[in-house]
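Everything numeric in this text was worked out from a predicted model, so none of it was measured. No hydrogens, no waters, no symmetry mates; every other heavy atom, side chains included, goes into these values.
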Amino acid sequence: SVVTVSPGAGLREFAFDHVFGRDSQQREVYEHCGLGVAVDFVNGTSGAIIVYGQTGSGKTHTMFGASVANGGTAGAVVNSNTGCLLRALRELFEAKDALGERGMGVELSVQYIQIYQDQVTCLSSGNAVQLREEVAGAPVLLQGATTTTVANLGEAAEFLAAGEERKRYAETAMNHRSSRAHTVLVVKIVQTQGDMSLTSFLHLVDLAGSERVKKSKVEGNRLVEAVGINTSLLVLGKCISALLEDRSHVPYYESRLTLLLRAALGGDSRTAAIVCCYRDDAQGDETLQTLRFGERCSQISTKAKSGKAASLSEALEAIDKALQTCRDQMASLEQRGKAHLPACQRLKDRYEGLRTRRVELQRQQAQQAQQALPVL
């Protein structure tokens, strides 16, 4: 947990799944927050890792680390400074090789975009990108974004390094190299075996830093950028509040950022949110706001779905795993005194639905076993 003391708010405790101090290593952050998302992604469940926080608090370092801009062999070296993104990609390529040895076809492709002033641009080509839905509520497609197939970590590092040149940075009083746009790497995996195919998506999101204009001391174009950043983050906060309060309408369409992240926030996805904060007293207000954002994120329950299981036993195994996840999430909410929230009730409803489905599958399994008995 994290405990803060601030004027007007008094003593406040925040409970999270994990808390990392200033001596924590990048490896620890990834293993606790990103590894599970990457593993489930390979197993057919779409996922997202999102980093959020104040300008200069370490978001981009947490996501990208120090080596991505190098590209090639240098960029593909995973060391103590490597962030979650490259560590996750290494995990995916290792899984790709292992699955290939078992006779499965695996293709990994990537798209790299930034959202600046609510306009989406491809970081590979510089072209404008439009967000499209084949039908309302379907996964969002990035029309106009270059899709690149990558065979190994070196190719992925080169791809990322090329995109770095088009990223928007600027110096502010809070950070000498402040990200002025939200950056999203979309990874798509297609796994094939015979006539069966399984597709899932992973979104790795480095949000632009929230900031108070008074402290960042930006002017002119930088001021316009700051207003745009804070506006999109405000819509993100509104969507999270709407999900927590179980409202019938969630304002995803008010921002391209939230429309792109719709599945990660309230859809069929496993999502990890990492919030980065200052420990300095001078940044107390912003740190308190960031912790509140993280707390609200932790109370959202998404419904991760994977590809169809190949057998009843695998389906039962998947349901047992989902039941355990529900139990863990409900226990977490109850420990925080949040059992009264609509999110907790949704978890309970999902838990009962899964139990019912498990009974049905067990009945089908028993029927199949009975039919398979030899006649003497």
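A side chain to side chain contact (heavy atoms under 4.5 Å, CB included) with Leu236 is found for one member of Thr231, Ile50, Leu207 and no other, namely Leu207. Checking each of Val235, Val120, Val140 against Leu259 for a side chain to side chain contact (heavy atoms under 4.5 Å, CB included) leaves exactly one that passes, namely Val140.
Salt-bridge check for Arg355 with Glu352: passed, with a basic side-chain N closer than 4.0 Å to an acidic carboxylate O. Salt-bridge annotation for Arg256 and Asp118: present, with a side-chain N of the basic residue lying under 4.0 Å from a carboxylate O of the acidic one.
No side-chain donor-acceptor contact under 3.5 Å links Asp285 and Gln289. A donor atom on one side chain and an acceptor atom on the other are found under 3.5 Å apart for Thr147 and Gln111.
In this structure, Arg358 and Asp320 have side chains that are in contact, with non-hydrogen atoms separated by less than 4.5 Å. Put simply, the side chain of Thr183 reaches to within 4.5 Å of the side chain of Leu123, judged on heavy atoms.
Here the CD1-CE distance, from Ile274 to Met63, works out to 6.5 Å after rounding to the nearest 0.5 Å. The distance from the NZ atom of Lys321 to the CD1 atom of Ile319 is 13.5 Å, given to the nearest 0.5 Å. Summarising the geometry, atom CE belonging to Met104 is positioned 7.0 Å from atom OG1 belonging to Thr192; distances are rounded to the nearest 0.5 Å. Taken from OG1 in Thr45 to CG in Leu198, the straight-line distance is 8.5 Å, to the nearest 0.5 Å. With rounding to the nearest 0.5 Å, the separation of CD in Gln329 from CZ in Arg350 is 8.5 Å.
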Next item on the list: Any chance you could lay out the side chain to side chain contact (heavy atoms under 4.5 Å, CB included) test for Ile113 and Leu260, step after step, and finish with the verdict?
Entry: CA-CA 11 Å; Ile113 64 164; Leu260 181 61; 3.6 Å; yes

Check: Can Ser298 and Asp17 be said to form a side chain to side chain contact (heavy atoms under 4.5 Å, CB included), step by step?
Finding: CA-CA 8 Å; Ser298 70; Asp17 292 325; 5.6 Å; no

Checklist line | Verdict with reasoning, Phe159 to Thr146, per side chain to side chain contact (heavy atoms under 4.5 Å, CB included) | finding: CA-CA 11 Å; Phe159 174 82; Thr146 301; 5.7 Å; no

Next item on the list: Go through Cys297 and Tyr52 one step at a time and tell me if the side chain to side chain contact (heavy atoms under 4.5 Å, CB included) criterion holds.
Entry: CA-CA 11 Å; Cys297 286; Tyr52 174 95; over 6 Å; no

Item checked: Step-by-step side chain to side chain donor-acceptor pair (under 3.5 Å) determination, Asp328 to Thr325 -> CA-CA 5 Å; Asp328 292 343; Thr325 299; 5.6 Å; no

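Considering all non-hydrogen atoms of both residues, Val110 and Val150 come closest at CG2-CG1, 4.0 Å. Taking each heavy atom of Gly144 and Ser125 in turn, the nearest pair found is O-OG, 4.5 Å. The two residues Cys277 and Thr290 make their nearest non-hydrogen contact at SG-CG2, 3.6 Å. Of all non-hydrogen atoms in Val129 and Cys122, the two that sit nearest each other are CG2-N, 3.5 Å. Of all heavy-atom pairs between Thr82 and Arg87, the closest is O-NE, 2.8 Å. Scanning both residues, Ala156 and Leu89, for their nearest heavy atoms gives CB-CD1, 4.0 Å.
Not a single donor-acceptor pair under 3.5 Å links the side chain of Ser269 to the backbone N or O of Ala264. Lys59 places no side-chain N or O within donor-acceptor distance of the main-chain N or O of Ala208, the cut-off being under 3.5 Å. When atom types are taken as modelled, the side chain of Thr258 and the backbone of Tyr252 share a donor-acceptor pair closer than 3.5 angstrom. The closest donor-acceptor contact from the side chain of Thr287 to the backbone of Tyr278 lies under 3.5 Å.
When hydrophobic clusters are built by joining Ile, Leu, Val, Met, Phe, Trp and Tyr residues whose side-chain heavy atoms come closer than 4.5 Å, directly or via intermediates, Leu160 is grouped together with Val78. Residues Leu35 and Val42 fall into different hydrophobic clusters, defined by Ile, Leu, Val, Met, Phe, Trp and Tyr side chains chained together at heavy-atom separations under 4.5 Å. Tracing side-chain contacts under 4.5 Å through hydrophobic residues (I, L, V, M, F, W, Y), one never reaches Leu142 starting from Val190; they form parts of separate clusters. Grouping the Ile, Leu, Val, Met, Phe, Trp and Tyr side chains by contacts below 4.5 angstrom, directly or via other members, places Phe14 with Val19.
The neighbour count for Asp280 CG, taken as heavy atoms of other residues, nucleotides or ligands under 6.0 Å away, is above 12. By the neighbour-count criterion of 12 heavy atoms within 6.0 Å, atom CZ of Arg327 is densely surrounded, having more than that number from other residues, nucleotides or ligands.
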Let me have the donor-acceptor pairs involving side chains of residues 24-32, under 3.5 Å, with sequence neighbours excluded, atom names and distances please.
from	atom 1	to	atom 2	distance (Å)
Ser24	OG	Gly21	N	3.0
Ser24	OG	Gly21	O	3.2
Gln25	NE2	Asp23	O	3.3
Gln26	NE2	His61	O	2.8
Gln26	NE2	His61	NE2	3.3
Gln26	NE2	Asn81	O	3.2
Arg27	NH1	Glu31	OE1	3.3
Glu28	OE2	Gln25	N	3.0
Tyr30	OH	Glu91	OE1	3.1
His32	ND1	Glu28	O	2.9

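In terms of the salt bridge (Lys or Arg N to Asp or Glu O under 4.0 Å) criterion, Arg90 has no residue partners (sequence neighbours excluded).
Residues in residues 236-247 take part in these side-chain hydrogen bond (donor to acceptor under 3.5 Å, both in side chains) pairs, two or more places apart or across chains: Lys238-Glu254, Ser241-Arg296, Glu245-Arg247, Asp246-Arg346.
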